[in-house]
Number of protein chains: 2
Amino acid sequence: MKKIPKISEAEWEVMKLLWKKSPATANDVVKTLSGKTHWKRETIRTLINRLVQKKAVGFKKKGRQYHYFPLVTEAECVRAETTSFLKRFGGGSIEPMLAAFVEEEKLSTEKIAKLRRILKKAADEHKKKRNKSR
Amino acid sequence: MKKIPKISEAEWEVMKLLWKKSPATANDVVKTLSGKTHWKRETIRTLINRLVQKKAVGFKKKGRQYHYFPLVTEAECVRAETTSFLKRFGGGSIEPMLAAFVEEEKLSTEKIAKLRRILKKAADEHKKKRNKSR
DNA sequence: TCCATACTATTACATCTGTAACATTTACAA
DNA sequence: TTGTAAATGTTACAGATGTAATAGTATGGA
């Protein structure tokens with residue numbers, strides 16, 4: 001499993017952008033984030049630079065500008081964060097977590113369907129294992 | 001919704017202990033954590049003290065010793081962390097997350113059943129809403 | 001009573017984070 | 001060509017975190 005650098009709260013905002021659209025110049029990022037946050041352009045540039053140092057973000061020099069792009073995928077990060085979440089709270093956490101998700105109504109009908117499918121598959125596998133060991 | 005103080009990675013270890021068994025004296029905590037980590041007793045005491053400052057942990061003086069206990073429940077913390085997780089990755093995150101959970105095999109058969117129930121309920125609610133708006 | 005022990009309290013210090021100011025270089029317009 | 005704006009680079013600084021050392025205090029045994 002690839003090692004994901006530790007990304008801080010503020011830095012996630014930058015990553016989110018780059019996942020959505022990359023490569024992006026520093027200015028692209030500044031422009032977009034200036035809308036959503038109160039960060040000064042220099043602040044945002046610091047975040048980008050730190051991400052580069054951490055090797056979470058790469059860049060290509062294009063003339064005088066830098067074009068940034070993510071070096072880690074969103075899925076990898078979700079995975080890493082999930083693992084750390086699990087370590088913190090143990091398996092017992094997922095239930096209240098899912099409940100929170102549901103309550104926040106972030107779940108579309110299709111997403112719910114997909115999740116149910118994942119769980120159904122897991123349940124089937126459990127059953128299979130039980131049968132085998134019998 | 002109650003405001004959960006920001007608890008750091010290392011501090012979670014202390015919280016986990018206290019959730020499992022509290023009240024506990026500083027020494028209880030030190031003893032247990034010394035097994036799992038390489039932290040010196042003073043390090044662990046610092047963590048406890050910080051948690052007290054943050055009001056994540058309370059204590060009662062019992063003679064010369066302090067008995068510590070959590071002031072926030074595990075469920076509250078899971079909830080708060082989930083929300084922050086959601087903010088970071090958006091609703092799209094839950095699918096790979098659940099997949100990770102399943103893969104790590106942290107899910108018992110009963111847990112899966114419970115999760116499926118939660119989702120089924122959510123799905124039914126969606127359906128109801130759709131019908132109403134028709 | 002007085003010291004060793006066990007606890008608690010104070011202080012330290014390097015990194016990481018959030019938040020930015022100040023400085024330098026480059027490129028284009030006048 | 002030279003000043004100015006835009007881009008990049010360097011430095012700053014306070015608060016949080018990881019990790020602990022040292023100092024003070026209370027308490028029970030010699």
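Each chain gets a letter, A, B and so on, in the order the sequences are listed, and its residues count up from 1.
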Figure out the [atom1]/[atom2] separation between [X] and [N], and round it to whole Å.
X: A/Arg41; N: C/dC22; atom1: CZ; atom2: C1'; answer: 14 Å
X: A/Ile48; N: D/dA7; atom1: CD1; atom2: P; answer: 12 Å
X: B/Gln65; N: D/dT27; atom1: CD; atom2: P; answer: 11 Å
X: A/Asn27; N: D/dG9; atom1: CG; atom2: P; answer: 13 Å
X: B/Tyr68; N: C/dT8; atom1: OH; atom2: C1'; answer: 8 Å
X: A/Phe59; N: D/dA7; atom1: CZ; atom2: P; answer: 17 Å

Nucleic acid footprint by protein, nucleotides 13-21 of chain C - heavy-atom cut-off 4.0 Å, B for base, S for sugar-phosphate alone:
----BBBBB
Listing request: all side chain to side chain donor-acceptor pair (under 3.5 Å) pairs with a residue in residues 42-54 of chain A, at least two apart in sequence or in separate chains.
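Pairs touching residues 42-54 of chain A that pass the test: A/Glu11-A/Lys54.
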Is [X] near enough to [N] that one of its side-chain N or O atoms lies under 4.0 angstrom from OP1 or OP2?
X: B/Asn49; N: C/dT8; result: no
X: B/Tyr66; N: C/dA6; result: no
X: A/Arg45; N: D/dT8; result: yes

Report the end-to-end axis angle of the helix from C/dT1-D/dA30 to C/dA30-D/dT1; each axis comes from five terminal pairs, and the value is rounded to 10°.
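The helix from C/dT1-D/dA30 to C/dA30-D/dT1 shows an end-to-end axis angle of 30°.
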[Y] and [X], any side-chain heavy atoms less than 4.5 Å apart:
X: A/Lys21; Y: A/Asp28; result: yes
X: A/Leu71; Y: A/Phe69; result: yes
X: A/Met97; Y: A/Phe89; result: no

From CA spacing to verdict: side-chain contact (heavy atoms from CB on, under 4.5 Å), A/Leu119, B/Leu98:
CA-CA 9 Å; A/Leu119 286 178; B/Leu98 190 61; 4.0 Å; yes
With a 4.0 Å cut-off, would you call [X] and [Y] a salt bridge?
X: A/Glu76; Y: A/Arg79; answer: no
X: A/Lys120; Y: A/Asp124; answer: yes
X: A/Lys16; Y: A/Glu74; answer: no

First locate atom NE2 of A/His67, then atom NZ of A/Lys61, and finally report the distance between them rounded to the nearest 0.5 Å.
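With rounding to 0.5 Å, NE2 (A/His67) is 12.0 Å from NZ (A/Lys61).
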